Amino acid sequence: MLEKLKKDVCDANISLEKYGLVVLTWGNVSGIDRKKGLVVIKPSGVEYKRMKPADMVVVNFNGDVMEGKKHPSSDTPTHLELYRAFPEIGGITHTHSTYATIFAQAGLEIPCLGTTHADQFFGSVPVTRLLSEREVESDYEKNTGRLIVDRLKDTDVRNTPGILAAGHGAFCWGDNASQSVENSLILERIAEMAFRTMQLNPEIKQLPAYIVKKHYMRKHGENAYYGQKHK
């Protein structure tokens, strides 16, 4: 079942370690088959170096395991909330990468300070509020997803392919599992750039909106001209 998606999700999870976005087993990637209503996700606590496509776990939108011998990632309910809320999302990555997590722990958005940021995120990277004690005790992972969805209710997730969960880490998404990892790598790099820029110049202002718009639209807008055109 979903053999290609399993391989894609497995490869995407392994790439987290390759890109230096995880240590130990602190991270997970999933992908979705919208037609079948099934999600493939990393098994919980399995080392990336030992991971194989057959280890991936297939779950439905209720979180029921449809295929797989291992327990799915503990963050599965968070992924499912995002897939339910945003049909344009095809893959999700969650990491505790250093600089993104620094901003998440500080409860701060990542401001758009330069064009590297503006090339991929149309404005600041948002951050959620902290979960309440009741939200943590009742259904922690599912409520984490609900909090993210609520924070993004007035946001086009195609223009903002990632968010910081306060006190926790980063969640990114894309058209597929691989793209969600790519956006996680970009998020980590712009978080580091912002952190160091703010150290060097604490008075730095956000990049003017007209520059942000230019750089984002030249890559992602209707008349984008970055890269090679495909016929």
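Just so it is clear, the model here is predicted, and its values are computed rather than measured. Note that these values count all heavy atoms, side chains included, but never hydrogens, waters or copies made by symmetry.
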Novice: With hydrophobic residues grouped by side-chain heavy-atom distances under 4.5 Å, do Leu24 and Val46 end up in a single group?
Specialist: no

Novice: Would you say the side chain of Cys172 lies within less than 4.5 Å of the side chain of Gln179, judging by non-hydrogen atoms?
Specialist: no

Novice: Does the side chain of Glu109 come within less than 4.5 Å of Leu164's, by heavy atoms?
Specialist: no

Novice: May I ask whether Val22 and Met56 are part of the same hydrophobic cluster, defined by side-chain heavy atoms of I, L, V, M, F, W, Y residues being less than 4.5 angstrom apart, directly or through others?
Specialist: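 Yes, same cluster.
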
Novice: When rounded to the nearest 0.5 angstrom, what distance separates CD1 in Ile148 from CZ in Phe86?
Specialist: 9.0 Å

Novice: Per the side-chain contact (heavy atoms from CB on, under 4.5 Å) rule, which among Ile186, Val212, Val125 passes with His117?
Specialist: Val125

Novice: Quick test of your reading of the model: are Asp150 and Lys153 salt-bridged, counting only N-O distances below 4.0 Å?
Specialist: yes

Novice: Would you check if the side chain of Thr78 reaches a backbone N or O of Lys142 as a donor-acceptor pair within less than 3.5 Å?
Specialist: no

Novice: Only one of Ser74, Ser73, Ser44 passes side-chain hydrogen bond (donor to acceptor under 3.5 Å, both in side chains) with Asn28; say which it is.
Specialist: Ser73

Novice: Can you confirm whether Lys4 is buried at NZ, in the sense that more than 12 heavy atoms of other residues, nucleotides or ligands lie under 6.0 Å from that atom?
Specialist: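 Open: at most 12 neighbouring heavy atoms sit under 6.0 Å from NZ of Lys4.
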
Novice: Tell me, with the steps shown, if Ile32 and Leu38 meet side-chain contact (heavy atoms from CB on, under 4.5 Å).
Specialist: CA-CA 6 Å; Ile32 188 170; Leu38 296 173; over 6 Å; no

Novice: How far apart are the closest heavy atoms of Ala12 and Ser178, and which atoms are they?
Specialist: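 Where Ala12 meets Ser178 most closely, the heavy atoms are CB-N, 4.2 Å.
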
Novice: Does a sphere of radius 6.0 Å around CZ in Arg158 hold more than 12 heavy atoms from other residues, nucleotides or ligands, not counting ones at 6.0 Å or beyond?
Specialist: no

Novice: Closest approach of Ser180 and Ile92, non-hydrogen atoms and distance?
Specialist: OG-C, 3.5 Å

Novice: Do Leu80 and Val39 make a side-chain contact, defined as non-hydrogen atoms from C-beta onward lying under 4.5 Å apart?
Specialist: yes

Novice: How long is the straight-line distance from NZ of Lys70 back to CG of Asp55, given to the nearest 0.5 Å?
Specialist: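 Nearest 0.5 Å value for the CG-NZ distance: 5.0 Å.
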
Novice: Which pair of heavy atoms, one from Gly37 and one from Phe61, lies closest together, and at what distance?
Specialist: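 Looking at all heavy atoms of both residues, the shortest contact is O-CD1, 3.3 Å.
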
Novice: As a quick check of understanding, evaluate side-chain contact (heavy atoms from CB on, under 4.5 Å) for Met198 and Ile204, giving each step before the final call.
Specialist: CA-CA 7 Å; Met198 293 162 74; Ile204 188 70; 4.1 Å; yes

Novice: Does Lys7 pair with Glu3 as a salt bridge, N-O distance under 4.0 Å?
Specialist: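 No, Lys7 and Glu3 are not salt-bridged.
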
Novice: Before accepting this row, confirm whether a basic side-chain N of the pair Glu137/Arg134 lies closer than 4.0 Å to the acidic partner's carboxylate O.
Specialist: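 Salt bridge flag = no for Arg134 with Glu137.
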
Novice: With a 4.5 Å limit on heavy-atom distance, are the side chains of Phe121 and Leu187 in contact?
Specialist: yes

Novice: Under 4.5 Å between any side-chain heavy atoms of Val29 and Val181, yes or no?
Specialist: yes

Novice: Work out which heavy atom in Ala166 is nearest to a heavy atom in Leu130; give both atom names and the distance.
Specialist: O-CD2, 3.5 Å

Novice: Verify the neighbour count for atom OH of Tyr226: are there more than 12 heavy atoms of other residues, nucleotides or ligands below 6.0 Å?
Specialist: no

Novice: If you define the side chain from C-beta out and look only at heavy atoms, does anything of Thr93 sit under 4.5 Å from Thr95?
Specialist: yes

Novice: Looking at side-chain heavy atoms only, is the closest gap between Lys6 and Glu67 below 4.5 Å?
Specialist: yes

Novice: Output yes when a side-chain donor or acceptor of Thr160 lies under 3.5 Å from a complementary backbone atom of Val157, and no otherwise.
Specialist: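 Flag not set: sc Thr160 to bb Val157 has no pair under 3.5 Å.
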
Novice: Could you go step by step and tell me if Tyr83 and Ser30 meet the side chain to side chain donor-acceptor pair (under 3.5 Å) rule?
Specialist: CA-CA 10 Å; Tyr83 284 127; Ser30 70; 2.7 Å; yes

Novice: Run the side chain to side chain donor-acceptor pair (under 3.5 Å) test on Asn143 and Asp139 for me, step by step, so that the C-alpha distance in whole Å, both residues' side-chain angles and the decisive distance to 0.1 Å come before the verdict.
Specialist: CA-CA 6 Å; Asn143 284 329; Asp139 204 337; 5.9 Å; no

Novice: For Arg146, is there an ion pair with Glu141 - N to carboxylate O distance below 4.0 angstrom?
Specialist: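 No salt bridge links Glu141 with Arg146.
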
Novice: Could you please spell out the steps behind the side-chain contact (heavy atoms from CB on, under 4.5 Å) verdict for Phe195 and Ile190?
Specialist: CA-CA 8 Å; Phe195 182 86; Ile190 63 176; over 6 Å; no

Novice: Could you give me the CA-CA distance, side-chain angles and deciding distance for Asn183 and Gln120, then say whether side-chain contact (heavy atoms from CB on, under 4.5 Å) is met?
Specialist: CA-CA 8 Å; Asn183 287 331; Gln120 197 66 21; 2.8 Å; yes

Novice: Does His94 use its side chain to pair, donor to acceptor, with the backbone of Gly169 at less than 3.5 Å?
Specialist: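 Checked: no pair found.
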
Novice: Calculate, to the nearest 0.5 Å, the distance between atoms NZ and CG belonging to Lys36 and Leu5 respectively.
Specialist: 9.5 Å

Novice: Donor-acceptor check, side chain of Arg151 to backbone of Val127, threshold 3.5 angstrom: yes or no?
Specialist: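 Checked: pair present.
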
Novice: For the residue pair Trp173 and Ile163, establish whether any side-chain heavy-atom pair is separated by less than 4.5 Å.
Specialist: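 In short, these two side chains touch, coming nearer than 4.5 Å.
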
Novice: Taking His220 for its side chain and Asp119 for its backbone only, find out whether a donor-acceptor pair lies under 3.5 Å.
Specialist: yes

Novice: Is the NZ or CZ atom of Lys42 both under 6.0 Å from the centre of the six-membered ring of Tyr48 and within 45° of that ring's axis?
Specialist: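 Cation-pi check for Lys42 and Tyr48: passes.
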
Novice: Any chance CD of Glu133 has more than 12 other-residue heavy atoms, nucleotides or ligands included, within less than 6.0 Å?
Specialist: no

Novice: How long is the straight-line distance from CG of Leu207 back to CG of Leu113, given to the nearest 0.5 Å?
Specialist: 8.0 Å

Novice: For the backbone of Arg196 and the side chain of Gln199, can you confirm whether one donor and one acceptor N or O come within less than 3.5 Å of each other?
Specialist: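 Here the side-chain-to-backbone pair does not exist.
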
Novice: Distance from Tyr19 atom OH to Arg189 atom CZ, nearest 0.5 Å?
Specialist: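 Reported value, rounded in 0.5 Å steps: 10.5 Å.
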
Novice: Report yes or no: do Ile211 and Met217 belong to one cluster of Ile/Leu/Val/Met/Phe/Trp/Tyr joined by side chain heavy-atom distances under 4.5 Å?
Specialist: yes

Novice: Mind listing the closest non-hydrogen atom pair of Ile110 and Ala194 along with its distance?
Specialist: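 Closest approach of Ile110 to Ala194: CG2-CB, 3.9 Å.
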
Novice: Check for a donor-acceptor pair, side chain of Thr101 on one end and backbone N or O of Ala104 on the other, with a separation under 3.5 Å.
Specialist: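 Checked: no pair found.
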
Novice: Locate the shortest heavy-atom distance separating Ala100 from Ala191; write the atom from each residue and the value.
Specialist: N-CB, 3.7 Å

Novice: Any chance you could measure Ile14, atom CD1, to Glu47, atom CD, to the nearest 0.5 Å?
Specialist: 12.0 Å

Novice: May I ask you to say whether Lys35 pairs ionically with Asp33, meaning some side-chain N is under 4.0 Å from a carboxylate O?
Specialist: no

Novice: Are the aromatic rings of His96 and His168 close, with centres under 6.0 Å apart?
Specialist: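 Ring-ring flag for His96/His168: true, centres closer than 6.0 Å.
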
Novice: Same cluster or not: Leu16 versus Val40, using hydrophobic residues (I, L, V, M, F, W, Y) connected whenever any side-chain heavy atoms lie under 4.5 Å apart?
Specialist: yes

Novice: So, does Glu188 use its side chain to make a donor-acceptor pair with the main chain of Tyr99 at under 3.5 Å?
Specialist: yes

Novice: Under 4.5 Å between side-chain heavy atoms, hopping through other hydrophobics if needed: is there a path connecting Leu152 to Val149?
Specialist: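 Cluster IDs for Leu152 and Val149 match.
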
